[in-house]
Amino acid sequence: MTLHSPLSSLRAHIHAALPVAAAPASSRPLKIALFSGNYDCVRDGANRALNRLVRHMLDEHKAEVRIYSPTAPTPAFASTGDVRSVRSLCIPGRPEYRLAIGLTRAARADLEAFQPDIVHLSAPDLLGRQALNWARRNAVPAVASLHTRFETYLAYYRLGFLRRQVVAYLDRFYGDCDRILAPTPPIAADLAAIHGAERIALWSRGVDRSVFHPAMRDERLRAQLGYAPDDVVPLFFGRLVREKGLDIFADAIMAARANGLSLRPLILGDGPARDALARHLPNARFAGHVEGARLGALVASADILVNPSVTEAFGNVNLEAMASGLAVLSAEVPSASALIDNGVNGLLVPPGDVGAYAGGLASLVRDTGLRRRLGRAAEATAGDYRWDHVLDSVARVYRELAGAPME
C-alpha cells in the first residue's frame, strides 16, 4: 500500500465519529463479540494484546465480552474472558495454529442469543469474514483490528505469486468494516488512503514497565549464561518461525563475525524453526520461552536487539527492548519506523539487507557511547506507551459506534 495522505491530515480526522447505531439500553452493559483466529492457541503479541483488551473492558468498563475462537486441546496460556470454541482444523506442519472453518450453525445461534452491540474482528479469516457478513445483515457495527501484515507471509512460503489477490481480499475485508483499528500512524495513513481517514482509529500498544525496564539487568544472570562483563550480547526475541526473519538474523551474525566481531547471540523464544536456527548458529545461547520477571531480566541483560521481521503490524518486541534500555537494530518497516527515529533512539536498515545489519551491529558493538545513547533515548520513548491509555482508545471507538457515552 502507498501513502497518499500526510500524517498531519490523518491525525486531524482519525478520531472523527461515524454515524452510530442506536445506543444500547442503559440498564445493561456494552456487549462485545470478539472473533479471533487463535485467541489462546499461540502466545504471541497479537493474542496478548487481545487478552489484555478483554481484561480491560471487563474490569474498567464493566462490559460483557464473548470470544469466538478456535481452541487447542492444551491452551498456550490461561486466557481471559468467556471463550466459545468454534470448529477448527490443525494446520499441517504448524500444530500450534488452528484454522477456523467458519461461523457454524451452533456459533451463529450463540451469537444471535448474545445480541452484541459491537462485533470486533481480529483476523481476516473465514470466521472473521462470516462474522462480518452477520454484522452487516443485522445492522451491528463492525470493528476490525490489524495485527499482522498477512501479505508479507507469502514470500516465506513461496507463495509470492498470490500477493496481489491477498491484498485485494484484505482491502475488501477491511473496507466492509465500520471502523479499522490501525496499530501505527504509518499503517493508519496507508489504510486512510484506501478507506478514508474518518474510518480509521489508532490502537497502539503499551508496555509493562514492571517487567521491561533497564533496572532488570542482571550481571549474575549474564554470567550464568556464559557471558563476560565486557561481552556485547545481540538478542533475538520472539517466536522462532521463518516469517520472523530468522535467516536474515543468522546471516547477519555470521557476516559480522566475518568482519572480526566476536558475537554469541542470546535467543529468547521457541518455535518450529528452533533446530534450524541452532544448526545455523551453533554457539548461540537458547533460553527458550520465558515469562514475567525472568523474561524482563533476560531482555535487559542483553545489549542490542536485532529484529529483521517485516510481518508485524506493531512490533511489540521492539517496544519491550526499548523499554529495557537496549539499542534496537530493526528492519525499516512501518511497525518499526513508528517507534524508532533512525539514529536517535535506534537504527533502521533496509529489510533483508544482511550487509546493512552486519554494519549496524559493527557500529553498535564498537561504539559504546552510541549504543548507550540510543538505549537511553529508546527507554524515554517507551515511557509514552501506557496500556491504560491505548486500551481506553479502543473502548472509545466501541462506545462511539454503539452510541454509548464513555464512562
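Computed from heavy atoms alone, side chains included, the values below leave out hydrogens, waters and symmetry copies.
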Determine the minimum heavy-atom distance between Pro183 and Ile187, stating which atoms define it. CG-CD1, 3.9 Å
Min side-chain heavy-atom separation Leu89-Ile101 under 4.5 Å: yes
Would you say Arg108 and Glu112 make side-chain contact, with heavy atoms under 4.5 Å? yes
Over 60° means perpendicular and under 30° means parallel, so tell me whether Phe35 and Tyr68 are parallel, tilted or perpendicular. parallel
Arg239 bridged to Asp44 by N-O distance under 4.0 Å: no
Compare every heavy atom of Leu50 with every heavy atom of Ser36, then report the nearest pair and how far apart it is. OG-CD1, 4.2 Å
Applying the side-chain contact (heavy atoms from CB on, under 4.5 Å) test to Val328, which of Val306, Asn318, Val317 qualifies? Asn318
Side chain of Asn342, backbone of Leu348: donor and acceptor closer than 3.5 Å? yes
Taking atom CG of Leu263 and atom CG of Asn283, what is their separation to the nearest 0.5 Å? 9.0 Å
Is it true that a side-chain atom of Asp178 and a backbone atom of Val143 form a donor plus acceptor pair closer than 3.5 Å? no
Within the side chain of Arg209, is there an N or O that forms a donor-acceptor pair under 3.5 Å with the backbone of Phe212? yes
Euclidean distance, Leu298 CG relative to Arg285 CZ, rounded to 0.5 Å: 9.0 Å
Before giving the answer on side chain to side chain contact (heavy atoms under 4.5 Å, CB included), spell out for Tyr357 and Asp251 the whole-Å C-alpha distance, their side-chain angles and the decisive distance to 0.1 Å. CA-CA 9 Å; Tyr357 279 103; Asp251 289 346; over 6 Å; no
Non-hydrogen side-chain atoms of Arg205 and Val207 separated by less than 4.5 Å: no
Using a strict cut-off of less than 4.0 Å between a Lys/Arg side-chain nitrogen and an Asp/Glu carboxylate oxygen, indicate whether Glu379 and Arg217 qualify as a salt bridge. no
Let's go through Phe77 and Asn51 carefully: what are the C-alpha distance in whole Å and the side-chain angles of both, what is the deciding distance for side chain to side chain contact (heavy atoms under 4.5 Å, CB included) to 0.1 Å, and is it a yes or a no? CA-CA 10 Å; Phe77 60 96; Asn51 274 262; 3.5 Å; yes
Heavy-atom closest contact (Ala321 atom, Val299 atom, distance): CA-CG1, 4.1 Å
Could you check whether any side-chain N or O of Lys31 sits under 3.5 Å from a backbone N or O of Phe114, counting only pairs where one atom can act as donor and the other as acceptor? yes
Out of Tyr39, Trp203, Phe314, which one pairs with His147 under the ring pair (Phe, Tyr, Trp, His ring centres under 6.0 Å) rule? Trp203
Would you confirm whether Asn345, through its side chain, and Ile340, through its main-chain N or O, come within 3.5 Å as a donor-acceptor pair? no
Spacing of Thr368 atom OG1 and Asp303 atom CG [to the nearest 0.5 Å]: 9.0 Å
Paired with Asp176, the salt bridge (Lys or Arg N to Asp or Glu O under 4.0 Å) test is passed by just one of Arg129, Arg137, Arg136, namely Arg129
Check Asp392 with Arg386, please: is the shortest side-chain N to carboxylate O separation under 4.0 Å? no
Reported OG1-to-CZ distance for the pair Thr80 and Arg55, which is rounded to 0.5 angstrom: 5.0 Å
Mind checking whether Leu202 and Ser393 have side chains closer than 4.5 Å, heavy atoms only? no
Under a 4.0 Å threshold between the charged nitrogen and the carboxylate oxygen, would Glu64 count as salt-bridged to Arg66? no
Taking it one step at a time, do Leu364 and Leu370 satisfy side chain to side chain contact (heavy atoms under 4.5 Å, CB included)? CA-CA 6 Å; Leu364 293 171; Leu370 172 65; 4.1 Å; yes
Closest heavy-atom contact between Leu235 and Ala302? CB-CB, 3.7 Å
Got a donor-acceptor contact below 3.5 angstrom from the Tyr174 side chain to the Pro124 backbone? no
Under 3.5 Å, side chain of Arg199 to main-chain N/O of Ala192, donor-acceptor pair present? no
How about Leu146 and Leu191: do any of their side-chain heavy atoms sit closer than 4.5 Å? yes
Any donor-acceptor pair under 3.5 Å linking the side chain of Arg264 with the backbone of Gly226? yes
If you look at every heavy atom in Leu58 and Gly81, which pair is closest and at what distance? CD1-CA, 4.2 Å
Considering non-hydrogen atoms only, spot the tightest contact between Cys177 and Ala144 and give its length. SG-CB, 3.6 Å
Answer yes when Asp367 and Arg372 have at least one side-chain N-carboxylate O distance shorter than 4.0 Å, and no when they do not. no
Decide yes or no for Val354 and Ile248: does some side-chain heavy atom of the first lie under 4.5 Å from some side-chain heavy atom of the second? yes
Rounded distance [0.5 Å steps], OH in Tyr398 versus CG in Asp117: 12.0 Å
Check whether any side-chain heavy atom of Ser204 sits under 4.5 Å from a side-chain heavy atom of Tyr385, and report yes or no. yes
Give a yes-or-no answer on whether the side chains of Ser309 and Asn307 include a donor-acceptor pair shorter than 3.5 Å. no
Donor-acceptor contact below 3.5 Å, side chain His61 vs main chain Ala63: no
Is any side-chain heavy atom of Leu305 less than 4.5 Å from a side-chain heavy atom of Met322? no
Closer than 4.0 angstrom, basic N to acidic O: yes or no for Asp218 and Arg294? no
To the nearest 0.5 Å, how far apart are CG in Asn316 and CG in Leu339? 9.0 Å
After noting the C-alpha distance and the side-chain angles of Leu103 and Leu127, does the key distance pass the side chain to side chain contact (heavy atoms under 4.5 Å, CB included) rule? CA-CA 5 Å; Leu103 190 63; Leu127 176 65; 4.2 Å; yes
Check whether Arg222 reaches the backbone of Ser301 with its side chain - one donor and one acceptor, N or O, closer than 3.5 Å. yes
